[in-house]
Undergrad: 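Okay, handing you the structure first.
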Amino acid sequence: MLAVARVAGIMAAKKTSELIPLCHPLMLTNVEIALDLEQEEQSVVCRATARTTERTGVEMEALAAVQVALLTVYDMCKSSDRGMEMTGIRLLHKAGGKSGEWNRDKPDR
């Protein structure tokens, strides 16, 4: 299941400009999707890293990748629990582009 979600996340990162109006198409050099099962919380934690050599950030691609990966998990698990939630989706780090580098002050994970 997590392997399918990982592929879905990578595909979403590559198609972000088709999903979000006015989002520039970028040539990604690398997309990594980490999906971890948290047994005690009965949850899946997803983290995406996107990279490009272009002169812009790729935060939209990373955020799209997380959303679609988690939607894929939901789709595959909805027969067991339709009450699943996707929460805490946020940018942790960004480098590049006009705004330069940005870091979340206190990342939870």
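Keep in mind it's a predicted model, so treat the numbers as computed, not measured.
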Undergrad: Taking T52 for its side chain and M27 for its backbone only, find out whether a donor-acceptor pair lies under 3.5 Å.
TA: yes
Undergrad: Measure across A12 and A65 and return the closest heavy-atom pair with its distance rounded to 0.1 Å.
TA: CB-CA, 4.2 Å
Undergrad: Quick check: closest heavy atoms across T72 and A8, and the distance to 0.1 Å?
TA: OG1-CB, 3.2 Å
Undergrad: Is the count of non-hydrogen atoms from other residues, nucleotides or ligands lying under 6.0 Å from Q42 atom CD greater than 12?
TA: no
Undergrad: Run the side chain to side chain contact (heavy atoms under 4.5 Å, CB included) test on Q67 and I89 for me, step by step, so that the C-alpha distance in whole Å, both residues' side-chain angles and the decisive distance to 0.1 Å come before the verdict.
TA: CA-CA 8 Å; Q67 286 289 151; I89 297 163; 2.7 Å; yes
Undergrad: Roughly how far, to the nearest 0.5 Å, is CZ of R104 from NE2 of H93?
TA: 13.0 Å
Undergrad: Shortest non-hydrogen contact from I33 to G9?
TA: CD1-C, 4.1 Å
Undergrad: Would you say S43's side chain and Q39's backbone share a donor-acceptor pair under 3.5 angstrom?
TA: no
Undergrad: To the closest 0.5 Å, what do you measure between CD (E59) and CG (L92)?
TA: 12.5 Å
Undergrad: Give the C-alpha distance, both sets of side-chain angles, the deciding distance and a yes or no for side chain to side chain contact (heavy atoms under 4.5 Å, CB included) between V31 and E61.
TA: CA-CA 9 Å; V31 177; E61 286 74 10; over 6 Å; no
Undergrad: Measure the spacing between CZ of R6 and CE of M1 and express it to the nearest 0.5 Å.
TA: 10.5 Å
Undergrad: If only atom types and distance count, is the side chain of Y74 paired as donor or acceptor with the main-chain N or O of A69 below 3.5 Å?
TA: no
Undergrad: Are there more than 12 heavy atoms of other residues, nucleotides or ligands under 6.0 Å from atom CE of M84?
TA: yes
Undergrad: Please indicate whether K14 has more than 12 foreign heavy atoms, meaning atoms of other residues, nucleotides or ligands, lying under 6.0 Å from its NZ.
TA: no
Undergrad: Among T29, T16, L28, whose side-chain contact (heavy atoms from CB on, under 4.5 Å) with V58 holds?
TA: L28
Undergrad: Distance from L70 atom CG to M86 atom CE, nearest 0.5 Å?
TA: 6.5 Å
Undergrad: When clusters are formed by joining ILVMFWY residues with side-chain heavy atoms under 4.5 Å apart, either directly or through shared neighbours, do L19 and M60 land in the same one?
TA: yes
Undergrad: Kindly compute the distance separating OG1 (T56) from NZ (K98), expressed to the nearest 0.5 Å.
TA: 9.0 Å
Undergrad: Taking a hydrophobic cluster as the set of Ile, Leu, Val, Met, Phe, Trp and Tyr residues connected by side-chain heavy atoms closer than 4.5 Å, whether directly or through intermediates, do I10 and V73 fall within one such cluster?
TA: yes
Undergrad: Does I20 share a hydrophobic cluster with L63, counting links as ILVMFWY side-chain heavy atoms below 4.5 Å and allowing steps through other members?
TA: no
Undergrad: Could you pull out all residues at least two apart from N30 that satisfy side chain to side chain donor-acceptor pair (under 3.5 Å)?
TA: R51
Undergrad: Using every non-hydrogen atom in the two residues, find where L35 and L2 come nearest and quote the distance to one decimal.
TA: CD1-O, 3.4 Å
